[in-house]
Every structure is written in C-alpha cells, then in structure tokens.
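All remarks here apply to the structure that follows.
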Amino acid sequence: MRQILDSLLRDALRSLEDSEGWTGLAGTSPELERSRDPRHGDFTSNVAMRVAKRYGRKPREFAAALKDRLAASELIESVEVAGPGFVNLRLSAEAIHGEVRRMLGEGESYGKSDAGQGRRVLVEYVSSNPTGPLHIGHGRNAAQGASLANLLRATGHAVNEEYYVNDAGRQIDILAASVWLRYVETLGNELPFPRNAYQGGYVSNIAARVVERHGAALCGDVAAVAEVFGPAAGGEQEGLAGDDAANADSSHDPDADARIDRLIAAIRGSAGDDSFQTVVDAALDEVLADIRDDLEAFSVRFDRWFSERSLTGGGAVDRALKTLEANGHLYEKDGATWFRSSALGDDKDRVVVRENGATTYLASDIAYHLDKYERGYDVMLNVLGSDHHGYVARLKAAVEALTGHGERLEVQFVQFVVLYRGNVKAQMSTRAGEFVTLRQLREEVGNDAARFIYVSRSNDQHLDFDLELAKSQSSDNPVYYVQYAHARIASMLRRMADNGLSRPDAGGVKLGALEEPEERSLMVALGRFPEVVELAADKRAPHHVVHYVRGIAAEFHAWYNAHRILVDDDDVRDARVTLALAVGCVIRNALGLVGVSAPESM
RNA sequence: GCGCCCGUAGCUCAGUGGAUAGAGCGCUGCCCUCCGGAGGCAGAAGUCGGGGGUUCGAAUCCCUCCGGGCGCGCCA
C-alpha cells in the first residue's frame, strides 16, 4: 500500500522536474508517512517543506504544484495541502477494501515482504555459558533473538539461528570441579566448597548422575586434592553464595581464582585427565540438555549449536591467529600474544594467547566469526546482554582485520530484566540464593505471557517484569487482552456456524457496507501491518509489533462493543464478518512473529 | 576518570526531524433485554531531566550539565 502511493508521489515529482526544470527533484525521497491525526488524511508527505526553498518556491506553492501532478489514482480519494506545506493523501474505499481482500487472500503470508532480497543473516543469540540453567535475563535474549529471526525471515532474509556453546575454557573447568566436589561429597568425602565454585542445586544433581554412572571410579586420591585447601581444611563450607557465584563475584579475587585453578589441577592430577574429562562431559551434557529443553519449550529453536571446542580442536583458532599474524595484527608482550585491536577502533589491545600458552575466549570468538564470515553471511547479528557492550569493539576490530568487512557484524543489546511481584521487587539476589530461572518463570506465568512481555519493551530499555500482571487473566494483562480479541472472533465464527450462516466469500463480499467510521479506521490500521513488520525488522525492534497488535485489539474491542456483527442484513453481516476475519488474520500473524499463540478459545 | 545505554502523565512505557506529544495501569463518573463484561465510553492528569545550539520545524540531531544502569581482566 505504502509502496504504491510512494511510487505515485515519485512519478509526480518526476513530472514536476520535467516540466519546471527542477533538476534533482526526481531523486528526492517523498518521505511518505502515515498521518497521525485522521484529520490529516491517511498518508502525509513533507517533501514540499524540504525542497521548496531549493527551487525558489514557498512550501505551500510547491505542495500545490505537486498536488496537481498527482495522477488521479483510484487509490487516492483526495489530496490536500495543509499546514506549513504538508501534502495529505486520503485513501479511497477501493484502496482500503482491496487491502482487506489481500489480507484474507494471503492469510498467514500477509505482512511478509521481500524487502531483504534474500540477504543472508545469521542471528546468534542466548549463547549463555553452559554452566547452569538459563535465568530470566537469558529469557529476554531468547525472546528477542527468536523474534528478530522471525521478523527477518518475514521480510525476505535468509536467516539462520545459532547458539554458540562456550564448552571450552576455564568456566567449564570450574563447573566440572564443582561437580567433582559434590560427587566426592555424595560418596562421603566432604571437602570445602569454594565460594567461587558453582553453588546451584543442579550441580549436586549432576554429581548424583555421575555417581550412578561411574560409582567411585572418578575419585582419585581425595586426600591429595584436599591439600589444596591447606592444613585448616575441614568439612565446613567456605562461604555462602548464590548459584551464579563464579560469574557474580564481580570484584574478582585473584587469590580465589588462583586457588580454584590449583583445585582443578589437583583434581586432574589425582583423578587423572580422563576422569576429569568424564566429569566435564557429564556436566556439559546435563546442562546443555536442560538449556535445550528449556528453549524448546519456549518455542526457541536453533539451526545449529556451535561448539567452541570444535574450533580449538579443529585448528580454526590457530588458523585465525595465523592469518592475523600474517597481516601484522599480532605482537608479543609480557610473554603473551596481543591483538592490536586499538588500531581498529578498540580502546586497547587484547590478549589472544596467554602467557601460559592457552588461547583466550576472544581468540575462539575471532575464529568463530571468521567461520561465520566464510559461510557467506551478509549480516552477522549478535544479540548480547548489555553488560557485554564493552566487548564489541574488539570483536569488530577482529572481523575487520580478518575480512575487511567489520560492518557485517551487528550487535543488538538487551538490557536487564527486573522481576516484580506486584510492587515488590523479586529480583534474584545471588547472595540470598534467590535465583530465578527461565523455567521457573515459564512455569509461573506461561510461555505466551513471557514471550509477549519480554519483547514488549524496546530492547535497550530496562524491563520491569511484573509476575502478578503476567499471570492475571484480565484486561490489565496485555497478552490476554490481545488473545481475547482473537478468541472472541473465533467464538463469533462458531456461533455463525451454529446458526447455519456460511462464511462470506472474500472476493464477492460488499465491503462498501462498512460505513461506520470505526470500520474505516480499523481497516486502515490493519493495512499498516506490513509496514510495521518492515519497520520492526529494520530497526531490530520487535516491540513495534507488540504495540501495534495491542492497538489493533483495542480498536477491535471498541468496534465490537459498539456494533453488532451478526446482524440480519446479509450484506452488512458479511462485510462485518469479513472485517473480523481480517482482524483475526493480522492478530494471528503479529503474535506469530513474537512467538505467541493465537487461541480459538480461552 | 573514560566508554555505551536510559531520563516523556502519579506508575510502567510508546513515539520513523513535522501539524494540538500518545497508550496501559491507577484515579473520577458511566455502559450488560446485546455476538464471551477476560469488554467498552467519558473525564482529570505533561515546563518530553536542566541549559545552549543546528533547522522552516526538535521529545527526536549536536554540545554541555545533572540523575540512574552497565562496562572498563592474560574471565567468559
């Protein structure tokens, strides 16, 4: 719809350029927008105000000239020059009715476009460390990423979704050490449990599985390991901390770090590398299976789970580093190998190979992004928690250094989620051990409410998630409000069938029977859907879809309340039912984009 | 200290450089002989954090100050 009007305006501009000799005019974008105020028509263009001066005309004069050139399209009912020089267009009934027919004809495809022209996009999201269950913050990332992927697909991009599994590195060793400690504990050998080990109950569950499967075979010499804790080591806990302690311990304590590294080394030494690896694998398997199930239940599915280990093991990291080195981006200092990222926009240079010879997380990530690039993606879109924003400059520098296409890396940040129960903050507190997992949230409020609320705010806005509101089955709850509109339509259709009324044929129905102002306004609003989808995809902002569909539901409820649909007059009834069907179609498609169901009844 | 994000109605938030800044909740007062009241209508409520600037036009862009969040590891 918008595109057709847009091209009409462009034609008019070209015609003005030809006849008036106003060179360059044809290349001007008309900037056609939806009018906010219905008194300003349906669409409005500000082109006159922007360019009139260039051709020595007053904006209103220019607008009047433009108005005269606008072809007498059957889509336009009237053109008006208003205010300081706006050109306002009012859609004809033909245009509006044609759009409604299109909705019903296209059905679930309505709203899709080929704007992306098949450009290949890889959306990487969640990518949470497999060291524990997903929490509510990951939930927002998941909802955001999955919705973005849907939006990009709907706008003609070739999309793949990926979860990068950080299954190598120190955090995993710490997880394995944590499991091992619980494991020997289960077998009756209590050792101190370091504060910066993983505290969560799931660690003990994994340990229990290890006991089932391997008995005491992985213990090694527990007494030897105990020496790490020093002579004072007893059976007491070293301290209390939350589930996420290893990450949450923000004032990172070098002593504690060193101690846990010694612990890992001691376990490896006494139980053997193979045994340790068995624990690592068991821990990863359990945690990843849990994450996978959790996301699956949340309607979040990845095309690929990309293992970091596959990069280190497969030589990809070495290859990426060699390429960087060959191009002069690496240097040695203090026994480590550094990437000169500061030459490409980063604050400072970054270590890629540590003094001890181990590659860093960044080195793996560089290799991963090189791999993405080589797979031919035009856009590498990463959805990250906002606490990772400091990381982007170095990664972008690396992509630029390796490929010369740093601009292909795009990062969307998702701000934090704060949970409320009514007015009371229910935020997880690592100290108190109140750890709210995504699973707990889903079980409490349901998947639909969670997905909807997660993407209801702009992603760079903190999200206050009210559990009571999300659970409430009232109009206060935006999810139910929208779903109710859909269910109401389905219910009306059931009643029709009960009364022996057949559904109108979208082609033959007389939409001219829709004479109420609310009906015109609703039809026009429905016709905006494809533009909303494009906007949301373009801006990487799924919340536009949520706000839009709420508005549609509100207009529908108002209309439904004011006017009876199943009236005796066949023409009016058929027309109204058709409109209701169109509303249902748009609500369904909109909810589908953000992963929320559109129920027939509630 | 430096960098990124955010300050819009009492609260939670929309707002693609445009015309009189919008929703929802809450508050006030209304509407069921009626297709699902899980609904609707009406009203009150704002110096768009402050101050400069760019522009025909700024909540939107630039500068600066004041609040709040996050980040500044040979962690991931």
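Proteins get letters first, then strands, A, B, ... in listed order; numbering begins at 1 in each. Because only heavy atoms are used, hydrogens play no part in the values below, and waters and symmetry mates are left out as well, while side chains stay in.
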So, under a plain 3.5 Å distance rule, would you say the side chain of [X] forms a donor-acceptor pair with the base of [N]?
X	N	answer
A/Asp257	B/G73	yes
A/Thr44	B/A19	yes
A/Asp37	B/A21	no
A/Asp387	B/G71	no

Check: A/His40 main-chain N/O paired with A/Ser35 side-chain donor or acceptor under 3.5 Å: yes

Sort out the partner of [N] for me: Watson-Crick or G-U wobble, both distances under 3.5 Å, none otherwise.
N	result
B/C61	B/G53
B/G22	B/C13
B/C41	B/G29
B/C4	B/G69

Nearest-angstrom distance from the residue atom [atom1] of [X] to [atom2] of [N]:
X	N	atom1	atom2	result
A/Glu31	B/U55	CD	C1'	14 Å
A/Asn141	B/C70	CG	C1'	16 Å
A/His138	B/A76	NE2	P	16 Å
A/His462	B/G68	NE2	P	13 Å

Give one of base, sugar-phosphate or nothing for [X], where a contact means two heavy atoms less than 4.0 Å apart.
X	value
A/Phe413	nothing
A/Ser386	sugar-phosphate
A/Arg350	nothing
A/His563	base
A/Ser458	sugar-phosphate
A/His388	base
A/Ser456	nothing
A/Leu535	nothing
A/Asn88	base
A/Arg550	sugar-phosphate
A/Asp334	base

Closest to side chain of A/Thr360, choosing from B/C35, B/C56, B/A76: B/A76

Proximal nucleotide (of B/G3, B/A19, B/G40) relative to the A/His40 side chain: B/A19

Pair A/Gln171, A/Thr131: side-chain N/O donor-acceptor within cut-off below 3.5 Å: no

Between [X] and [N], is there a side-chain N or O to OP1/OP2 distance below 4.0 Å?
X	N	answer
A/Arg354	B/A76	yes
A/Gln415	B/C4	no
A/Lys348	B/G73	yes
A/Lys539	B/U16	no
A/His544	B/G15	yes
A/Tyr481	B/A23	no
A/Arg36	B/U20	no
A/Arg494	B/C35	no

Identified salt bridge (charged side-chain N to carboxylate O under 4.0 Å, His left out) counterpart of A/Arg573 within the set A/Asp570, A/Asp569, A/Asp571: A/Asp570

Aromatic-base stack, A/Phe86 on B/G18, cutoff 5.5 Å, angle under 30: no

Looking only at atom [atom1], what distance separates [N] and [M], rounded to whole Å?
N	M	atom1	result
B/C5	B/C62	P	10 Å
B/U47	B/A59	P	14 Å
B/A21	B/A9	P	14 Å
B/G73	B/G17	C1'	43 Å
B/C27	B/U64	C1'	39 Å
B/A58	B/G15	C1'	13 Å
B/U16	B/C56	P	23 Å
B/G57	B/C61	C1'	13 Å

Ionic contact status for A/Lys372 with A/Glu124, cut-off 4.0 Å: yes

Pair A/His544 and A/His547, ring centroids less than 6.0 Å apart: no

A/Arg503 CZ: over 12 foreign heavy atoms closer than 6.0 Å: no

Other residues, nucleotides, ligands: >12 heavy atoms within 6.0 Å of A/Lys58 NZ: no

Geometric class of the A/Phe416/A/His462 ring pair [parallel <30°, tilted 30-60°, perpendicular >60°]: perpendicular

